[in-house]
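Comments concern the structure below.
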Amino acid sequence: MNTASAARVPFEPWNDPKAKPYIRIVNVTKTFGDFVAVDNMNLDIYQREFFSLLGPSGCGKTTLLRMLAGFERPTSGRIELDGVDMSTVPPYERPVNMMFQSYALFPHMTVEDNIAFGLRQDGVPKEERKRRVEEMLTLVQLTKFGKRKPHQLSGGQRQRVALARSLVKKPKMLLLDEPLGALDKKLREQTQFELMNIQEQVGITFVIVTHDQEEAMTVSSRIAVMNHGRIAQVATPTEIYEYPNSRYVAEFIGDVNMFEGRLADVAPDHVIITSADAGTNIYVDRGTSAAAGATVWVAVRPEKIDVGLIAPDDPAYNCIKGTVWDIGYLGNLTIYHVKLESGLKVTAAVANRTRLRDRPITWNDEVFLTWAPDSAVVLVS
Amino acid sequence: MSAGDDTDDRPSAALISHDAGGFAEWLHFRLHRGRLAWAAPYILWVATRFSGRGMVIAIPYGFLLAFFLIPFLIVLKISFAETALAIPPYTDLIEMVDDGFEYFVNIKLNLGNYWIILSEDTYVRAYLNSAKIAAISTLLCLIIGFPMAYAMARADESIRPTLLMLVILPFWTSFLIRVYAWIVILKTEGGLLNTFLIAIGVISPDDPLRILSTEWAMYIGIVYSYLPFMILPLYANLERMDMSLLEAAADLGCRPIKAFWVVTVPLAIPGIIAGCFLVFIPAVGEYVIPELMVGDNVRVIGRKLFTDFASERNWPLAAAVSVILLAILIIPIVLFQRQQARLQEAGQ
Ligand SMILES: Nc1ncnc2c1ncn2[C@@H]1O[C@H](COP(=O)(O)OP(=O)(O)OP(=O)(O)O)[C@@H](O)[C@H]1O
Ligand SMILES: [Mg+2]
């Protein structure tokens with residue numbers, strides 16, 4: 001999933017108790033009138049991280065970025081940057097650049113002048129300024145558009161100018177508010193790659209807001225999933241996906257089958273859940289914090305479920321019988337929607353390792369859904 | 001086209017003579033009677049143009065035609081006439097002649113009025129002086145109006161309509177009354193300002209401020225009267241400005257004061273230009289304020305025009321004065337329109 005980290009040495013400062021966070025968000029609350037946009041948030045972000053904020057619209061992502069950039073004062077709590085309390089530092093003195101969700105390009109300036117604006121404020125000499133603007137224009141593939149005004153550009157081109165303008169100063173921290181939303185897939189992937197490159201070269205700390213899960217998975221060192229101004233979970237992409245800490249996170253990231261059940265047996269190394277939803281007992285080889293008898297939810301990702309026509313040898317656990325309700329052929333995957341006796345529908349995604357015509361499963365077939373004990377997650381909330 | 005060419009459908013005009021003796025330079029046209037048929041295509045064009053949906057546009061065009069273009073053409077016509085002891089007090093330009101052989105229209109244009117204006121120092125000075133007064137007033141309006149418009153645009157949204165109302169409110173009373181009110185305020189003997197300053201002991205009763213009848217009074221009057229014309233377009237512009245641009249500037253390391261000059265002001269230029277034109281253009285022809293606040297010793301073209309028209313009863317000369325004034329103003333007006341058109345193109 002995390003393509004960049006494959007080539008890197010493990011980068012996990014958040015697991016290192018000696019590492020000093022670069023950004024510390026301490027008990028930060030932001031209210032607008034009596035509406036709480038950010039609710040008592042605590043978050044540490046480390047240098048060189050590529051930190052993604054993920055969450056539904058209106059959950060406070062932009063508000064959080066604006067507080068980091070200095071456009072909004074926290075109602076309470078404090079924000080530290082590199083050990084310095086930022087409360088009284090105005091935006092123009094923060095070593096932070098932000099790319100605005102609305103782009104906020106200067107309409108009276110050409111693309112070049114927009115990008116050069118920040119360098120000009122720092123008194124960068126003309127020659128170097130020109131060179132760096134050129135560099136940025138090349139990066140965002142707008143070399144031919146340098147002399148245009150923003151209103152002469154398409155939405156995606158404007159977004160790239162905004163991105164270039166925020167990148168050109170190579171700040172210590174870069175806040176990107178949905179930086180790639182308006183780009184087509186190819187350009188987006190290129191730009192993601194470039195962002196990661198820039199980060200490796202310059203060591204910028206990125207905080208990026210995105211609605212695109214795949215993007216967050218690809219680029220992030222860690223992801224924070226937000227909900228109503230609170231952080232639901234902060235973890236690496238793999239952890240978030242494989243071990244979500246709540247139904248909210250499990251359902252927000254990717255597809256998931258959720259079975260409600262009761263904890264029948266709790267041991268340090270495994271739990272057993274009886275689920276009327278699933279019509280089976282579920283065995284999960286990880287302990288849980290909840291006590292026996294508690295109501296819990298079991299989350300199983302579609303691609304972890306196997307679909308078979310023959311009952312497995314040991315059907316006591318993790319085996320559900322159902323009828324094929326619908327089949328979706330996606331090329332690389334086939335999605336089976338299976339209806340259980342309880343009425344619940346379960347989704348299973350099976351990789352098409354052989355050709356479709358070789359697969360005997362079809363509509364209305366009675367099938368057995370199975371998964372391994374380490375494939376499910378028990379959620380208590 | 002020679003005289004007497006009867007086969008020509010169109011009216012032919014010929015410059016018959018012009019005598020450049022002294023001031024009275026005449027242009028003498030002879031317009032041959034043509035059949036009206038030549039006009040038919042034009043009438044058709046207008047009819048198709050304004051049929052149906054076009055009628056909607058025809059109404060404002062008709063309004064402009066009736067209340068701007070035609071009055072102007074009348075003034076233009078008068079400016080080419082001579083004074084006469086008649087009602088109205090000028091000669092006719094057009095004379096129908098039927099000499100037995102031919103029937104034609106004689107048009108005699110008197111350029112003498114223009115000669116007088118362009119060669120007499122008093123007129124040239126009056127034009128220049130008016131332009132200078134208008135320019136200074138415009139600048140003062142901008143200097144005073146910009147901060148006001150800025151403050152209004154940045155004020156809390158709930159009080160903006162009130163502030164706007166306060167700017168517009170003076171229009172509800174007569175312009176003349178407001179100018180007279182300033183006279184009452186500025187008067188040397190017993191004026192409100194002097195009374196107040198004497199009462200609080202800033203100045204002594206023996207040496208009151210002499211503002212009325214000086215150029216100061218005129219500028220106070222003009223700036224006061226025209227300030228709303230500066231504030232309103234500026235406010236409309238500044239209020240529309242996207243505040244995130246200032247955040248972006250700050251984010252890129254630009255201090256607020258600098259951001260004002262490199263972001264706010266450049267973006268306000270359309271409003272500044274609109275305001276300047278709306279003040280400058282009427283201020284050039286301003287007559288009442290200089291007349292009331294200063295009196296005889298101020299030489300502005302508006303006063304000149306008024307005396308020519310009313311006291312001297314020289315309508316042709318007064319008409320020529322206003323035609324030249326218009327010609328001078330047409331330049332900024334055209335520039336203004338071009339700029340507005342460009343803005344619309346830019347979609348701002
Ligand atoms: N200036 C403001 N005044 C009042 N409410 C505000 C203000 N700014 C934001 N809010 C509210 O705070 C909440 C969070 O807004 P925010 O812009 O941070 O959302 P977001 O997570 O960035 O959403 P999106 O993904 O749609 O951009 C929203 O409900 C919004 O209406
Ligand atoms: Mg947002």
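Note on naming: letters A, B, ... go to the chains in the order of the sequence lines (proteins, then strands), and numbering restarts at 1 for each one. Any value given below was found using the heavy atoms of this structure, including those in side chains, with hydrogens, waters and symmetry copies removed.
With a 6.0 Å radius and a threshold of 12 heavy atoms from other residues, nucleotides or ligands, B:Arg178 has its CZ atom above the threshold. No more than 12 heavy atoms of other residues, nucleotides or ligands sit less than 6.0 Å from atom CZ of B:Arg125. Residue B:Phe68 qualifies as open at atom CZ: its count of foreign heavy atoms under 6.0 Å is 12 or below. The neighbour count for A:Phe193 CZ, taken as heavy atoms of other residues, nucleotides or ligands under 6.0 Å away, does not exceed 12. More than 12 heavy atoms of other residues, nucleotides or ligands lie within 6.0 Å of CD in A:Glu128, so this atom counts as buried by the packing criterion. Residue-environment remark: CD1 (B:Ile257) stays at or below the threshold of 12 foreign heavy atoms within 6.0 Å.
Looking at A:Leu175, neither its backbone nor its side chain comes within 4.5 Å of chain B, counting heavy atoms on both sides. Both the backbone and the side chain of B:Ala249 come within less than 4.5 Å of a heavy atom of chain A. A:Arg66 touches chain B through its side chain: at least one heavy atom from C-beta onward sits under 4.5 Å away, while N, CA, C and O do not. Heavy-atom distances place no part of A:Met99 under 4.5 Å from chain B, backbone and side chain included. Both the backbone and the side chain of A:Phe106 come within contact range of chain B, each with at least one heavy atom under 4.5 Å from a heavy atom of that chain. Heavy atoms closer than 4.5 Å to chain B are found nowhere in A:Gln152, neither backbone nor side chain.
The side-chain heavy atoms of A:Gln121 and B:Arg255, taken from C-beta on, include no pair separated by under 4.5 Å. The shortest distance between side-chain heavy atoms of B:Pro256 and A:Tyr92 falls below 4.5 Å.
Note: A:Tyr103 OH to B:Ser244 OG = 12.5 Å, rounded to the nearest 0.5 Å. The NZ atom of B:Lys258 sits 8.0 Å away from the CZ atom of A:Arg120 when rounded to the nearest 0.5 Å. Atoms CG and CG, on B:Leu252 and A:Asn114 in that order, are 9.0 Å from each other to the nearest 0.5 Å.
A distance-only check finds a donor-acceptor pair linking the side chain of A:Asn97 to the backbone of B:Asp251 [under 3.5 Å]. Formation of a donor-acceptor pair under 3.5 Å by the A:His108 side chain with backbone atoms of B:Val262 is found in this model.
Smallest separation of non-hydrogen atoms from B:Ala248 and A:Arg165: CB-NH2, 3.5 Å.
Your options are B:Val263, B:Leu246, B:Asp242, and the one with the most heavy-atom pairs under 4.5 Å with chain A is B:Val263.
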